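Reading through the structure tokens given below for one structure.
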Amino acid sequence: MANSGIQLLGFSLAFLGFIGSIASTVMVEWKASSYSGDNIITAQALYEGLWKSCVSQSTGQIQCKVFDSLLQLPAIVQATRGLMLASIFLSIISILIEMVGLKCTTCMADQPEQKAKIALAGGVIFIIAGLFALVGTSWYGNRIAQDFYNPTTPTNSRFEFGSALYVGWGAAALSAIGGSFLSCNCPKKNSGTAPRYPPPSRSSAQQGGNYV
């Protein structure tokens, strides 16, 4: 069974990954306009996220527009939305589970074996949440790279990785590492129980009674 220090470290890392997943999901800079090649127009910068797109003018003015229709969105955006929201939802469930399974909490303190199993389950869910976030960000990033290197894509329509992708990758790594710490040791069977010895035979008890 993992000690309290490893559990607290794992929970802290996983919780930071949970916060990072939320921040990455709501950020606009999933992809940013590229100025490579012959594209020398720098009067405005385009940013696009999972929920809205923004235009930043050279004067500092920013205009954002929320995506109007869900069904008209590209499949990559819809899939990434689902993966990131699933990651956040699983992280919330894991946090609630770990509030019971951590050794530093008093809940189920009289059942250490069951408490360790609960902590293990929470760690596994954190790992799955990290994998969901990793798949979502990597899939979206792969599509950006494909469009960037596609020769048919106009130069002024090419995008590069935004800061939200890097935040999402870091959050996924923290969730997976934290979940690994929480589930690094499996609960041992018969932990906390005293060893059982066979009762003394009747003849031995009688022999012991002859001594004063």
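Quick caveat: nothing in here was measured; it's all calculated off a predicted structure.
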Enter the distance from R143:CZ to D147:CG here, rounded to the nearest 0.5 Å.
6.5 Å

Let me see the working for F67 and W51 under ring pair (Phe, Tyr, Trp, His ring centres under 6.0 Å), right down to the final yes or no.
CA-CA 6 Å; F67 296 141; W51 311 97; 8.8 Å; no

To the nearest 0.5 angstrom, please state how far the CD1 atom of I144 sits from the CZ atom of R158.
14.0 Å

Within this structure, what is the CG-OG1 distance for the pair L50 and T80, rounded to the nearest 0.5 Å?
6.0 Å

Between S94 and G122, is there a donor-acceptor pair closer than 3.5 Å when you use the side chain of the first and the backbone of the second?
yes

Donor-acceptor contact present, side-chain K65 to main-chain C54, <3.5 Å:
no

Exam field: side chain W139 to backbone L134, donor-acceptor pair closer than 3.5 Å:
no

Could you grab the distance from atom CG of L9 to atom CD1 of I6, nearest 0.5 Å is fine?
8.0 Å

Nearest heavy-atom neighbours spanning M27 and S163
CE-OG, 3.3 Å

I93-L131 co-clustered via ILVMFWY side chain contacts under 4.5 Å:
no

Euclidean distance, M84 CE relative to I22 CD1, rounded to 0.5 Å
9.5 Å

Shortest non-hydrogen contact between L102 and K115, atoms and distance:
O-CE, 2.7 Å

Might you work through the side-chain contact (heavy atoms from CB on, under 4.5 Å) test for I62 and V55, ending with a clear yes or no?
CA-CA 6 Å; I62 300 177; V55 178; over 6 Å; no

Going by side-chain heavy atoms closer than 4.5 Å, which hydrophobic residues are tied to Y47, directly or by a chain of links?
V28

Examine F89 and V124 and state if one hydrophobic cluster contains both, with Ile, Leu, Val, Met, Phe, Trp and Tyr joined whenever side-chain heavy atoms are less than 4.5 Å apart.
yes

Looking at every non-hydrogen atom in both residues, tell me the closest pair between L182 and G123 and how far apart they are.
CB-CA, 3.8 Å

Tell me which pairs pass salt bridge (Lys or Arg N to Asp or Glu O under 4.0 Å) where either residue lies in residues 16-34, with sequence neighbours left out.
K31-E48

Test of understanding: clusters of I, L, V, M, F, W, Y form through side-chain heavy atoms closer than 4.5 Å, transitively. Do I76 and F161 belong to the same one?
yes

Please confirm whether the backbone N or O of G20 pairs with a side-chain atom of S24, one donor and one acceptor, at under 3.5 Å?
no

Does the side chain of F126 reach to within under 4.5 Å of the side chain of I95, using non-hydrogen atoms?
yes

Working to the nearest 0.5 angstrom, can you tell me the gap between Q111 CD and E113 CD?
9.5 Å

Under 3.5 Å, sequence neighbours excluded: what are the donor-acceptor pairs made by side chains of residues 164-177?
unit_1	atom_1	unit_2	atom_2	d
W169	NE1	T137	OG1	3.1
W169	NE1	S138	OG	3.3
S175	OG	A171	O	3.1

Group every Ile, Leu, Val, Met, Phe, Trp and Tyr by side-chain heavy-atom contacts under 4.5 Å, then state whether I19 and I88 land in the same group.
yes

Would you check if the side chain of S87 reaches a backbone N or O of L83 as a donor-acceptor pair within less than 3.5 Å?
no

Minimum heavy-atom distance between Q7 and G101, given as atom pair plus value
NE2-O, 4.1 Å

With side chains defined as the heavy atoms from C-beta onward, is the minimum distance between R81 and V77 less than 4.5 Å?
yes

Quick one: does I127's side chain get under 4.5 Å of S180's, heavy atoms only?
yes

Quick check against the 3.5 Å criterion: does S183 have a side-chain atom that pairs as donor or acceptor with the backbone of G179?
yes

Evaluate whether atom CD of Q72 has more than 12 neighbouring non-hydrogen atoms of other residues, nucleotides or ligands under 6.0 angstrom away.
no

Side chain proximity check, Y140 to W30, heavy atoms < 4.5 angstrom:
yes

